[in-house]
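Only one structure is covered here, and it is reproduced in the block below.
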There are 2 protein chains.
Amino acid sequence: MLTERFSAKDFSVAQIRSSCATCSLRELCLPVGLNDEEVAMLGEVVVHKRKIQRGGYLHRTGTKFQALYAVKSGFLKTCILEEDGRQQVTGFHMTGELLGLDAISTDMHTCEAVALEDSEVCEIPFSKLEDISRTIPSLMHHFHKIMSREIVRDHGVMLLLGSMKAEERLASFLLNMSRRFVIRGYSETDFNLRMTREEIGSYLGLKLETVSRAFSKLQEEAIIVVNNKHIKILNLERLKIKMGNSSCAT
Amino acid sequence: MLTERFSAKDFSVAQIRSSCATCSLRELCLPVGLNDEEVAMLGEVVVHKRKIQRGGYLHRTGTKFQALYAVKSGFLKTCILEEDGRQQVTGFHMTGELLGLDAISTDMHTCEAVALEDSEVCEIPFSKLEDISRTIPSLMHHFHKIMSREIVRDHGVMLLLGSMKAEERLASFLLNMSRRFVIRGYSETDFNLRMTREEIGSYLGLKLETVSRAFSKLQEEAIIVVNNKHIKILNLERLKIKMGNSSCAT
DNA sequence: TCTATTCGTTGATTTTAATCAAAAACAAAT
DNA sequence: ATTTGTTTTTGATTAAAATCAACGAATAGA
């Protein structure tokens with residue numbers, strides 16, 4: 001499961017399935033309609049593939065930034081570590097998604113990226129990407145959109161953390177997972193989470209016990225069925241309502 | 001943690017105050033060491049200045065994205081609005097900072113930008129910026145750093161919202177304000193906040209009463225003096241300890 | 001297959017922040 | 001100076017989530 005297949009959040013499956021061999025091409029070039037010459041240029045950017053075993057690090061905080069990473073297969077989390085031991089999972093990353101954008105600002109990685117299952121990524125040397133994006137304006141623009149989308153996503157998480165109750169946060173999280181799975185050709189309502197309750201909790205600003213209780217509550221209400229990491233959504237609509245407003249009774 | 005918004009941070013005050021007439025030049029060109037010709041090119045990008053009265057909107061959610069905005073003077077907030085009435089202040093923005101990065105992703109503004117005092121901004125048409133950044137690689141790279149820094153900042157807020165207690169959040173917020181004021185040549189320990197308790201609360205994921213109580217608590221402990229919007233920090237070190245980040249000594 | 005360890009659930013209790021409510025302080029306009 | 005509306009503070013109470021604790025269930029490794 002969640003081995004590789006097609007990817008890419010917002011591009012049609014038809015596009016995604018097409019020729020392009022490497023994952024970074026899928027993520028970066030396909031949607032912008034390049035000609036053959038341009039595709040060839042871009043192909044040269046992706047110099048290296050890396051495998052990361054489950055539990056292994058793609059990068060650590062403070063290490064030198066050299067490349068962005070496009071997830072070819074697998075599943076990763078990113079988290080920031082504070083000196084005082086505080087920790088926050090800032091994201092989960094699936095096939096077709098881009099990691100490392102935070103590191104551009106200081107040329108150092110500001111977070112850890114850990115594989116939650118055996119994963120494969122393509123390295124995209126950033127300076128090369130900047131070079132060729134000068135000659136391919138549509139690529140540059142697309143890259144800007146990707147960065148911007150990350151900002152919008154983070155604002156969404158801020159909203160979640162700032163104003164939602166535990167159950168709403170979990171509903172929101174499950175719907176987000178669902179959406180990302182279905183885009184990749186998996187079931188919208190039936191999937192395995194790769195992360196622990198603690199990791200979900202860290203991402204959602206909750207303790208693991210609270211996450212567990214929220215799962216149980218949603219199950220009691222017959223909105224989902226939980227079996228450890230396996231989730232079955234019985235009623236997407238009601239899950240959306242859960243996320244929307246708690247006051248609107250069950 | 002709670003890293004400040006881009007701009008100024010890494011450039012000296014001397015630079016910031018220097019010749020450059022427009023704010024966007026201050027923000028975008030100074031740090032990258034352009035030659036005269038390049039500065040001239042960049043100068044053409046800034047076509048328009050806008051004044052926004054206190055309470056007025058720089059942009060609304062859903063409106064078409066055309067330009068980034070560099071704050072020339074004043075103080076703004078950005079906030080996202082959900083259909084269900086939920087609201088989240090995503091940032092406060094001072095002189096030299098750049099707004100609108102979120103809008104690149106969909107060509108629509110995803111948030112409201114409201115002036116908290118009479119403000120002035122420079123419009124930077126985004127397509128023009130992309131155009132000239134093709135011929136000025138250092139400008140392009142600098143722009144990427146700015147976007148990346150916004151992502152890092154947002155991750156810092158996520159950490160705050162996900163793992164800090166009310167008082168820690170407020171301490172973090174005050175230290176962030178302090179840092180940003182001092183960069184602009186104002187007092188590090190003595191300043192007026194432009195936003196209400198409610199707006200602080202929204203940003204910090206707290207209710208206004210909780211914010212007020214946290215202020216009172218810090219005052220009781222003789223760490224700050226509060227007079228409505230006027231804040232005097234009596235003990236920066238203890239405020240840092242409050243935040244839980246004692247190792248980050250100045 | 002078995003064991004050690006991690007992971008997940010649930011209950012009881014405490015802590016924290018939200019909510020409800022009222023009054024004081026302040027700002028803007030008359 | 002007075003009124004009006006907004007903002008801030010503080011207190012009392014309730015609600016939500018954290019914490020503490022115990023126990024199964026699942027998983028990885030021997």
Side-chain angles (χ1 to χ4, degrees), chain A residues 1 53-56 77 85-89 114-118 160-171 173-174 192-221 224-231 242 245-247 249-250, chain B residues 53-55 77 85-89 114 116-118 160-171 173 192-221 224-231 242 244:
Chain A
M1 45 211 53
Q53 282 201 315
R54 184 182 154 160
K77 70 168 177 181
R86 231 189 284 265
Q87 186 168 350
Q88 175 79 22
V89 172
V114 182
L116 297 183
E117 62 180 32
D118 291 356
L160 176 143
L161 292 170
S163 73
M164 287 187 181
K165 300 211 180 302
E167 244 184 285
E168 298 172 324
R169 295 185 199 191
L170 187 63
F173 169 76
L174 289 174
N192 281 292
L193 300 171
R194 315 302 138 117
M195 69 295 278
T196 66
R197 299 290 188 262
E198 186 168 24
E199 287 161 337
I200 297 171
S202 174
Y203 182 63
L204 298 180
L206 302 168
K207 292 296 165 188
L208 67 94
E209 295 96 328
T210 307
V211 173
S212 181
R213 280 184 242 271
F215 269 121
S216 300
K217 186 88 187 304
L218 288 175
Q219 182 165 244
E220 273 170 37
E221 298 180 62
I224 62 174
V225 178
V226 186
N227 257 100
N228 270 302
K229 294 200 160 62
H230 182 261
I231 305 296
K242 269 283 161 200
N245 52 9
S246 53
S247 52
T250 53
Chain B
Q53 282 201 315
R54 183 181 155 163
K77 71 169 177 180
R86 231 191 285 267
Q87 186 169 352
Q88 175 79 22
V89 171
V114 182
L116 297 183
E117 61 181 35
D118 291 356
L160 175 141
L161 293 170
S163 73
M164 287 187 181
K165 300 209 181 305
E167 242 183 288
E168 297 172 326
R169 295 184 199 191
L170 186 63
F173 169 77
N192 280 292
L193 300 172
R194 316 300 142 107
M195 68 296 278
T196 67
R197 300 289 188 263
E198 187 168 25
E199 286 162 337
I200 296 171
S202 173
Y203 183 64
L204 298 179
L206 302 169
K207 291 295 165 188
L208 66 94
E209 296 96 327
T210 307
V211 173
S212 180
R213 279 183 242 270
F215 269 121
S216 301
K217 185 89 187 304
L218 288 175
Q219 183 165 244
E220 272 169 37
E221 298 180 63
I224 62 173
V225 178
V226 186
N227 259 98
N228 268 305
K229 294 201 159 61
H230 182 261
I231 305 295
K242 271 281 160 199

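Below, read A as the first sequence line, B as the second, and so on, with proteins coming before strands; counting in each chain starts at 1. The shown structure was predicted, so the numbers you read here are calculated from the model rather than taken from an experiment.
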In whole angstrom, what separates [X]'s [atom1] from [N]'s [atom2]?
{"X": "B/Glu220", "N": "D/dT9", "atom1": "CD", "atom2": "P", "value": "12 Å"}
{"X": "A/Leu218", "N": "C/dG8", "atom1": "CG", "atom2": "P", "value": "16 Å"}
{"X": "B/Glu199", "N": "D/dT6", "atom1": "CD", "atom2": "C1'", "value": "12 Å"}
{"X": "B/Lys165", "N": "C/dT15", "atom1": "NZ", "atom2": "P", "value": "11 Å"}
{"X": "B/Phe215", "N": "D/dT8", "atom1": "CZ", "atom2": "P", "value": "9 Å"}
{"X": "A/Glu117", "N": "D/dA28", "atom1": "CD", "atom2": "C1'", "value": "17 Å"}
{"X": "A/Glu198", "N": "D/dA26", "atom1": "CD", "atom2": "P", "value": "20 Å"}
{"X": "A/Leu208", "N": "C/dT6", "atom1": "CG", "atom2": "C1'", "value": "12 Å"}

Pairing residues for [X] by the side-chain hydrogen bond (donor to acceptor under 3.5 Å, both in side chains) criterion, not counting sequence neighbours:
{"X": "B/Lys207", "result": "none"}
{"X": "A/Gln87", "result": "none"}
{"X": "B/Lys165", "result": "none"}
{"X": "B/Glu221", "result": "B/Lys242"}

Using five base pairs at each end to define the local axes, how bent is the helix from C/dT1-D/dA30 to C/dT30-D/dA1, to the nearest 10°? 60°
Any base atoms under 4.0 Å from [X], or only sugar-phosphate, or nothing? Heavy atoms, all strands.
{"X": "A/Ser212", "value": "base"}
{"X": "B/Lys229", "value": "sugar-phosphate"}
{"X": "A/Gly205", "value": "sugar-phosphate"}

How close do A/Phe215 and A/Leu170 get, heavy atom to heavy atom, and via which atoms?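 Minimum heavy-atom contact is N-CD2, 3.5 Å.
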Between C/dT9 and A/Ser216, is there an OP1 or OP2 to side-chain N/O distance shorter than 4.0 Å? no
A/Lys207 side-chain N/O to D/dT19 phosphate OP1/OP2 under 4.0 Å: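 It does, given that an N or O in the side chain of A/Lys207 lies less than 4.0 Å from OP1 or OP2 of D/dT19.
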Name the closest nucleotide to the A/Leu206 side chain, picking from D/dT8, D/dA17, D/dT19. D/dA17
Go along nucleotides 21-30 of chain C 5' to 3' and tag each nucleotide: B for a protein heavy atom under 4.0 Å from its base, S when only backbone or sugar atoms are that close, - otherwise. -----S----
Please round to the nearest 0.5 Å and tell me the distance separating atom CG of B/Leu160 and atom OH of B/Tyr203. 7.5 Å
How would you list, by chain and number, every residue that makes a side chain to side chain contact (heavy atoms under 4.5 Å, CB included) with B/Thr196, sequence neighbours excluded?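 Checked B/Thr196 against side chain to side chain contact (heavy atoms under 4.5 Å, CB included); matches are B/Glu198, B/Glu199, B/Lys229.
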Partner set under side chain to side chain contact (heavy atoms under 4.5 Å, CB included) for B/Asp118, not counting sequence neighbours: B/Gln53, B/Arg54
Set of salt bridge (Lys or Arg N to Asp or Glu O under 4.0 Å) partners for B/Arg194, sequence neighbours left out: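 Here the qualifying residues are B/Glu117.
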